[in-house]
Amino acid sequence: MTKYIIRRLLQSIPLLLIVSFIIFILLQASGDPLATLGGRTPPRAEDKERLRQALGLNDPVLVQYVYWLIGNDWAAIDVTGDGQPDPLEMRHPREIRYGVLRGDFGASLVTRQPAMQMIAEKIPNTLLLMVTAEIVIITVSLGLGMYSALRRYTVMDNVLTGLSFIVYSMPIFWLALMLMYTFAVRLSWFPTVGMFDPAVGRTPAQVAWHMVLPVSTIAMISVAAYSRYIRSEMIEVINSDYIRTARAKGLSERRVISVHALKNVSLLLVTLIGLDIPFFFAGAVVTETIFAWPGTGQLFIISLGRSDFPVLMGLLMLISVAVVVFQILTDITYTWLDPRIRYT
Amino acid sequence: MRAKRFTILLLSLILIIGAVAPVMAQSKIATIIYTQELDNLNPMYTNMWFAGITVDFYLSPAWNFDGDLNPNPVLVTEIPSGDNGGINEDGTVITLTLRDDIVWSDGAPITSADFLFTYEMIMSPDNLPNSRYPYDAVVTGVEAPDERTVVVSFDAPFAPWITTIFTFVLPEHVLRPVFEAERTLDNAAWNRGPTVGSGPFTWVEWESGSHLLFTRNENYFNSLALLDGIFIRFVPDDAAQVAALINGDGDLGTFISYSDLAQLEAAGVEYELVASGYNEAWFFNINPETAHPAMLDVNVRRALQLAFDRWKITETLLLGGTYPAASYWEGTIYANPDVSAPPYDPEEAARLLDEAGWVLNEATGVREKDGVALELRYLTPPRAVRMDTQEVVRQDFAELGIRIVTENPSFDVFWNSLPNGGPIAAGQFDLAQWSQTSSFPDPNTSVFLCAEIPTEDSPEGGNWTGYCNPEVDALFQLQAQTVDFDERVAIIHQISALMAEDAVWTGVWYDPDVWAVSGRMVGVELNGATPYWNANMWDIE
């Protein structure tokens with residue numbers, strides 16, 4: 001097992017390098033960070049040229065990638081313009097980069113803050129939203145999926161199936177806006193946007209209150225899908241021989257379902273959660289944007305709009321690393337849940 | 001048993017909801033909704049419009065503009081003029097006399113040294129400000145002969161000084177030590193947390209992606225703010241902004257679409273159309289190196305203006321909230337009353353096109369000349385009302401045998417530079433639509449100057465239409481150096497008339513800023529240049 005994990009981790013190094021290179025090239029082609037600098041009209045020609053030079057955006061893309069990866073403190077750069085490379089101490093601190101391999105993801109082209117700091121500030125908010133949503137998703141979909149499986153082809157099962165398809169086919173932005181207009185604007189049950197009411201302050205109760213609609217939005221579509229997966233998995237499991245054996249041994253139906261059937265269904269859940277967790281860090285792009293939830297999803301959209309490459313690269317690489325790590329963890333969990341599974 | 005469990009569950013839920021429900025507090029905090037988050041609170045490091053208007057909350061300028069757009073002295077005793085000796089005879093020296101009661105929020109006096117420091121920081125090669133204009137272009141020096149006097153010298157008379165110099169002043173006593181320790185202000189903590197300021201409010205916190213909070217500046221040298229604080233909430237989605245305003249989760253918001261106004265009004269939210277100098281317009285590409293041959297003919301350009309029913313757009317898509325703009329300076333005191341928007345006249349448009357040799361090919365339904373079809377590339381950034389406009393134009397033009405190909409590159413692609421293949425900078429369009437303004441409320445602009453046409457040697461130029469009329473060019477240079485107001489108005493009128501004659505700019509609609517203001521706000525007097533100029537007088541009923 002240890003060998004397997006080490007092999008998987010070693011395999012992930014070239015994979016992440018290739019991913020980073022592809023993303024970097026694609027982002028470079030996506031837009032110009034100095035196009036408007038966020039203003040309503042483009043900046044003056046002289047200012048754009050000066051900023052482009054100072055931020056290293058005039059360098060060839062491959063050179064920019066190498067500097068992003070391993071920094072530029074080793075490179076011979078002429079800062080005085082005399083045609084000769086100048087020593088490091090002659091460079092302005094902002095021009096020296098150490099590269100992601102040494103933990104320097106660069107500074108945001110927009111806010112000038114370290115990119116990783118900006119991302120780290122948003123992760124707690126995103127995790128709060130996404131983990132809460134995931135708990136709701138698992139709890140509700142497990143309940144609905146099992147209910148449907150155990151009462152399949154009843155009126156209730158058909159109603160739940162129909163509702164699942166309706167909700168699953170809804171675009172998330174539309175669902176989010178409909179929930180907002182119905183429960184916040186029309187009924188005034190919940191607030192529309194943000195994490196708290198400024199007149200009250202950021203209390204746990206306020207945050208919980210402001211989470212209701214965004215969590216519901218994220219959860220509804222996933223519940224619609226997951227409850228279907230669980231239903232079909234549960235039907236397969238309860239028709240298997242070992243469940244029949246358990247029943248024949250005289251175990252109560254509750255014990256058969258909650259102990260024997262559920263453990264096998266949980267393999268599917270582990271797969272789904274394993275796929276979900278890496279994307280917790282990405283946040284819910286649409287939901288966070290609509291409900292003005294200050295998470296990484298919102299940061300991604302804003303950074304994309306301003307072509308803020310360092311922040312976008314930081315976010316995308318964080319997700320890539322999370323995918324690799326959590327896939328390995330998922331594999332390990334399989335072996336714990338199902339002793340038949342062995343990795344060599 | 002089940003009914004009992006259900007009742008207990010229901011009661012628990014009600015209790016939980018009751019416990020977390022918002023409690024109305026008594027503090028008077030106005031909530032403003034921004035659809036973009038600010039990038040920096042140090043005005044040196046931002047070009048964002050939202051950041052620019054927010055500065056007035058926490059930093060006082062030398063002057064701002066009142067509700068009628070008249071200059072309003074803030075840090076100075078009066079607006080410099082020839083009469084009060086603030087502007088010398090040839091207009092090359094402007095003297096600012098500072099008030100003797102002005103202080104920073106920490107009680108330290110604001111002096112001419114702060115003005116000098118601000119100039120030094122903008123010009124320092126160790127700092128990387130977003131713009132050094134106009135200090136690097138026309139200012140030859142800034143001096144402080146005494147604590148209360150600042151003298152700014154120009155290499156030539158510079159008419160737009162009122163909207164460009166000392167729109168903010170930095171606190172030297174706070175930032176000088178930072179600059180000396182870090183060799184730059186680029187990463188100063190003050191840039192995101194200006195703990196010491198000079199506006200009616202002081203900064204409290206900025207939670208990235210969420211909000212900005214300001215509280216009343218108890219040391220403010222004008223009347224103390226009536227509000228306890230200002231809460232700026234970042235809501236990137238337009239529809240969510242409208243919902244928040246209706247729900248009372250916001251007191252002010254802007255960039256509201258005309259189609260949402262009725263809904264806001266019905267909810268008791270008022271709206272204001274505030275002139276900001278912006279006009280949505282067509283920009284024709286007439287650069288001979290990249291233009292469609294038809295666009296080089298002024299009669300074809302006139303025909304295009306006449307072939308498009310712009311009133312259909314303003315009356316239907318914009319619900320009568322605005323009208324077609326006649327000139328680049330529509331809605332300002334510089335608008336030429338003799339220049340009017342070209343009418344919708346398809347017959348005259350057809351005649352002009354025939355006369356210009358662009359004849360209808362019955363087989364294709366498209367006009368042609370010398371084997372070239374009258375097929376035009378029409379670009380706009382992706383905004384719903386712009387894309388709808390493109391479709392109206394497609395129909396209007398099709399009736400006259402003009403075919404258009406529409407494209408909607410995202411903003412950062414649309415405005416990409418020439419070396420990066422930006423479609424506008426590279427002239428890969430025949431007709432493009434966007435909204436633009438001058439240095440409002442000043443009429444100066446550089447986007448029609450010959451020297452601003454992007455070339456390989458000067459790839460960042462801002463004249464994307466390629467328009468170069470030496471007479472207009474000379475007039476633009478002249479107005480920028482004409483300090484006398486009436487003379488300057490006359491020059492701008494001349495420029496407007498010549499540009500109308502050349503048919504290079506076509507106003508699609510006059511584009512004021514649309515603000516929504518909740519019914520509980522009082523004292524708000526917005527303008528298009530410094531909308532928060534009287535924020536200290538705002539109150540909540």
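Every chain is numbered from 1, with letters handed out A, B, ... down the list of sequences. Please read these numbers as outputs of a predicted model, since none were measured by experiment.
- Comparing B/D186, B/V413, B/I246, B/N187 by how many heavy-atom pairs each has under 4.5 Å with chain A, the most go to B/D186.
- Shortest non-hydrogen contact noted between B/P129 and A/R112 is C-NH2, 4.5 Å.
- Of the listed residues (A/E121, A/K122, A/M195), the one with the most heavy-atom contacts under 4.5 Å to chain B is A/K122.
- Interface remark: of the candidates B/G462, B/G461, B/A239, B/A239 forms the most heavy-atom pairs closer than 4.5 Å to chain A.
- Interface residue B/E452: only side-chain heavy atoms are found under 4.5 Å from chain A.
- Residue A/F196 touches chain B through both its backbone and its side chain, counting heavy-atom pairs closer than 4.5 Å.
- Using a 4.5 Å heavy-atom cutoff, the side chains of B/W415 and A/L37 are not in contact.
- Both the backbone and the side chain of A/E49 come within contact range of chain B, each with at least one heavy atom under 4.5 Å from a heavy atom of that chain.
- In terms of heavy-atom pairs under 4.5 Å with chain B, the best-connected choice from A/G194, A/A184, A/G295 is A/A184.
- For B/N127, the part lying near chain A is the backbone, with the side chain staying farther off; criterion is any non-hydrogen pair under 4.5 Å.
- Taking both residues in full, the closest heavy atoms of B/N416 and A/A35 are given as N-CB, 4.1 Å, listed atom of the first, atom of the second, then distance.
- A donor atom on one side chain and an acceptor atom on the other are found under 3.5 Å apart for A/T192 and B/D249.
- When side chains are defined from C-beta on, B/N247 counts as touching A/S188, because their heavy atoms get closer than 4.5 Å.
- Put simply, the side chain of B/R192 reaches to within 4.5 Å of the side chain of A/T111, judged on heavy atoms.
- With a 4.5 Å cut-off on non-hydrogen atoms, B/Q36 touches chain A through its side chain but not through its backbone.
- For A/N58, no part lies under 4.5 angstrom from a heavy atom of chain B.
- Atoms CZ and OG, from A/R202 and B/S210 in turn, are 6.5 Å apart once rounded to the nearest 0.5 Å.
- No side-chain heavy atom of B/R132 sits under 4.5 Å from any side-chain heavy atom of A/E46.
- The heavy-atom pair separating B/S208 from A/P294 by the smallest distance is O-CB, 3.5 Å.
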Could you please spell out the steps behind the side-chain contact (heavy atoms from CB on, under 4.5 Å) verdict for B/R233 and A/V193? CA-CA 9 Å; B/R233 176 172 261 157; A/V193 290; 3.7 Å; yes
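- Per-residue counts of heavy-atom pairs under 4.5 Å with chain A were compared for B/F255, B/F414, B/F411; the largest is that of B/F255.
- Within the 4.5 angstrom heavy-atom criterion, no atom of B/S446 approaches chain A.
- With chain A as partner, the option from B/L38, B/V447, B/L128 having the largest number of non-hydrogen pairs under 4.5 angstrom is B/L128.
- Interface check for chain B: of the options A/P198, A/S108, A/G201, the most heavy-atom pairs under 4.5 Å are formed by A/P198.
- Ranked by heavy-atom pairs shorter than 4.5 Å toward chain A, the options B/F50, B/Y278, B/F231, B/Y45 are led by B/Y278.
- For B/W190, there are no ring-ring contact (aromatic ring centres under 6.0 Å, His included) partners, not counting sequence neighbours.
- Heavy atoms of A/L177 lying under 4.5 Å from chain B belong exclusively to its side chain.
- Contact of A/L109 with chain B is not made at all, since no heavy-atom distance falls under 4.5 Å.
- A/Q28 does not touch chain B: none of its heavy atoms, backbone or side chain, sits under 4.5 Å away.
- A salt bridge links B/D39 with A/R306: the distance from a Lys NZ or Arg NE/NH1/NH2 to an Asp or Glu carboxylate oxygen falls below 4.0 Å.
- Only the side chain of B/S276 comes within less than 4.5 Å of a heavy atom of chain A; its backbone N, CA, C and O stay farther away.
- With respect to chain A, the highest number of heavy-atom pairs below 4.5 Å among B/T437, B/N40, B/D126 belongs to B/D126.
- Salt bridge absent: A/R44 and B/E460 never bring a charged side-chain N and a carboxylate O closer than 4.0 Å.
- Within 6.0 Å of CD on B/E180 lie more than 12 heavy atoms contributed by other residues, nucleotides or ligands.
- For chain B, no part of A/R186 is nearby; none of its heavy atoms comes within less than 4.5 Å.
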